[in-house]
Amino acid sequence: MAGRSRWILILAAGLAAFLAAGAGAYLYARDVRAGQVTQSCGARDCIPGVEAAALVEALKGRGHACENPSKGAWSCQMVVGSIAFQSWVHVSDGGVHRLTGKVFHADGGPLTEAGRAYLSWFAVLPYRDDPAAAAQIRDWLTQMIEADKDTKATILDYTYVLVTSKDDAVELDVRIST
Amino acid sequence: MPETNGTWSRRAVLLAGGLLIAGCGGPQRPFIQSEDYDSGGSGKQRLGKLLQRRAAALRDRDERAYLADLDGSNDELMRYERLVFANLRQFELAEVRHITEYTTEQRVADGESRFGPVIRVLKLTADAGPGDIAPAESFVYQVKGDVVTGITRVTIANRPAQSGGAPAAEAPWHTDALKVVQVGEKVWLAGDRSVADLDRYAAVTERELGVIEGLWGDRLTYPGHVLFFTRDKANFRQWYGYGSSGPAGTEALGLQHRELGVGENGQVHQGEYAASRIVVNLRGHGAADPSSTIRHELAHAVSARATMAAVGELGPPTWAVEGFARYTETVGDPARAAQVRSRVAAGVRSGRFRGTPPSNKDFYGRDAGFNYDLGASVFSLAERLKGRDAAVELYARVIERPSTGASFFELPIFDRMARDVLGLSAAAFRGRWDQFVRNGA
């Protein structure tokens, strides 16, 4: 029990630092996006004000190793103890049109608060300057994770797909509906 | 979403119609569309709100609000919750809140769920712990929609099956209608129906607490004390779950119960007891005056916060804990002192004295009576050597340490204590004590 507590503390501290840095990295973008649901990015629509390169740099800066094998999507990963935090950032003309976050527990344990916070951070990214919307999305995510079932939701222009049934992992995919 | 130039105002979308309307004149749709999502919250979230209401109602002494979320057709549930409310409203509550960090939901038939353990932090103004550590008790809630259809106490007996190490709910306020009397600023006496003369013990308790506090001085203690009185044999057995285990047994005259507290997230804090409760068995006293028992248990209670929080061989020496409490019974009471000396002498004559204090393992065994008195002799000797304050200081130092299973007098740490407090080596003190006991203490 004592060991488990220490793990939780380490994860929570690391993640808090990560999230704080993430918020800082996007402050500059506030003027650009000015309350848009989506914005055009080449042939696609993207999350307003989020530059793929800046997002990837933020992930790298907080311990993720990132690579871009296909040019279309960055793949990033950070391992803390027995838990792997993974994300995929899908790029179009420098913007982000799809985001996937995944938390894998090698020990087979349930999703921790840190894991939930990680997925929640991706979930609210399109609505990050709107506390009411973000709160409702967090509520949805919490409820679905507690229900421990695969589910899909449409949140304005975005499609959210949560998969909890696969191999000790919980995955959230956020993409702009077509 | 209609095609535009890609510049919809999200805030306008969300605010125009409280997250419901997507654009002027457009079709209404919820902000989050999902077959599985209930915007009213998950079962656990609903439970959390319900528990907040119940905690606030208890703090505000609002019975109607406390009962409002319960299934009124469940007579047993309503009777139980009315009882608990009527009992608790007579105490001063410092903190009431619920913790659901480790609560899991188990679905039962007809949309009903069972949630457990639900931990209720219930801190009286008499209690204190380090930081936010506070005493608590646990329950299993059965909920249908927003209505509580059942509440089951987590007890020592059902705990393994229902909720692991969650703190048990074994306090007297769960089983009996109590009359509670506050004495002065910091003492609460509570009696069940078998105690019609509760007020009689107010002055006694205040006087005995004064004696113990005079001895203990400004050392670490609790802000207040709670004493339960009963003449009911069954209650003495069931309160705090000592009926079938523990040292008290059914023939004990009283017991002092110590409780570990929980932290913010509900995990039990092992470092220090967060609360102390006393139960006085008036039936065991018959017509005799219980003041000596009250003083004995108060000696435990006043010093419990400074007593290391562990039991068995890992806990402090029982001879010191019980011996000091017995020693306090003799303070200012020559007749009691003579009685204790006489029993020690009788024990020595019958060959029960082996030159060392009894081990924790054997303390409450066949020679329990002698062991109490023998333990007291350590502090009587300390008083004779260096005065009453030295006896108390020796006790305060000893109860910070584990008994270790060996003779405490042989430990190097005791040598340090004896030198600091009594100005003697452990070996010299041991010799003096042996002589003291054999000569009739």
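As a basis for the values below, the full set of heavy atoms in this structure was taken, side chains included, without hydrogen atoms, waters or symmetry mates. Sequence lines set the chain letters: A, B, ... in the order given, protein chains first and strands last, and positions in each chain run from 1.
In this structure, the ring-ring contact (aromatic ring centres under 6.0 Å, His included) partners of B/Tyr66, at least two apart in sequence or on a different chain, are B/Phe85. Evaluation of the side-chain hydrogen bond (donor to acceptor under 3.5 Å, both in side chains) rule for B/Thr318 yields B/Asn360 as partners, not counting sequence neighbours.
For A/Lys60, the NZ atom sits in a packed shell: over 12 heavy atoms of surrounding residues, nucleotides or ligands are nearer than 6.0 Å. For A/Lys152, the NZ atom sits in a loose shell: 12 or fewer heavy atoms of surrounding residues, nucleotides or ligands are nearer than 6.0 Å.
Expressed to the nearest 0.5 Å, how far CD of B/Gln45 lies from CG of A/Asp139 amounts to 4.5 Å. Between the CD atom of B/Glu101 and the CD atom of A/Glu113 there is a distance of 6.0 Å, given to the nearest 0.5 Å.
Put simply, the side chain of B/Glu105 does not reach to within 4.5 Å of the side chain of A/Glu146, judged on heavy atoms.
Heavy atoms of A/Asp148 lying under 4.5 Å from chain B are absent altogether.
Of the residues A/Thr159, A/Leu156, A/Thr154, the one that meets the side chain to side chain contact (heavy atoms under 4.5 Å, CB included) test with B/Gln33 is A/Thr154.
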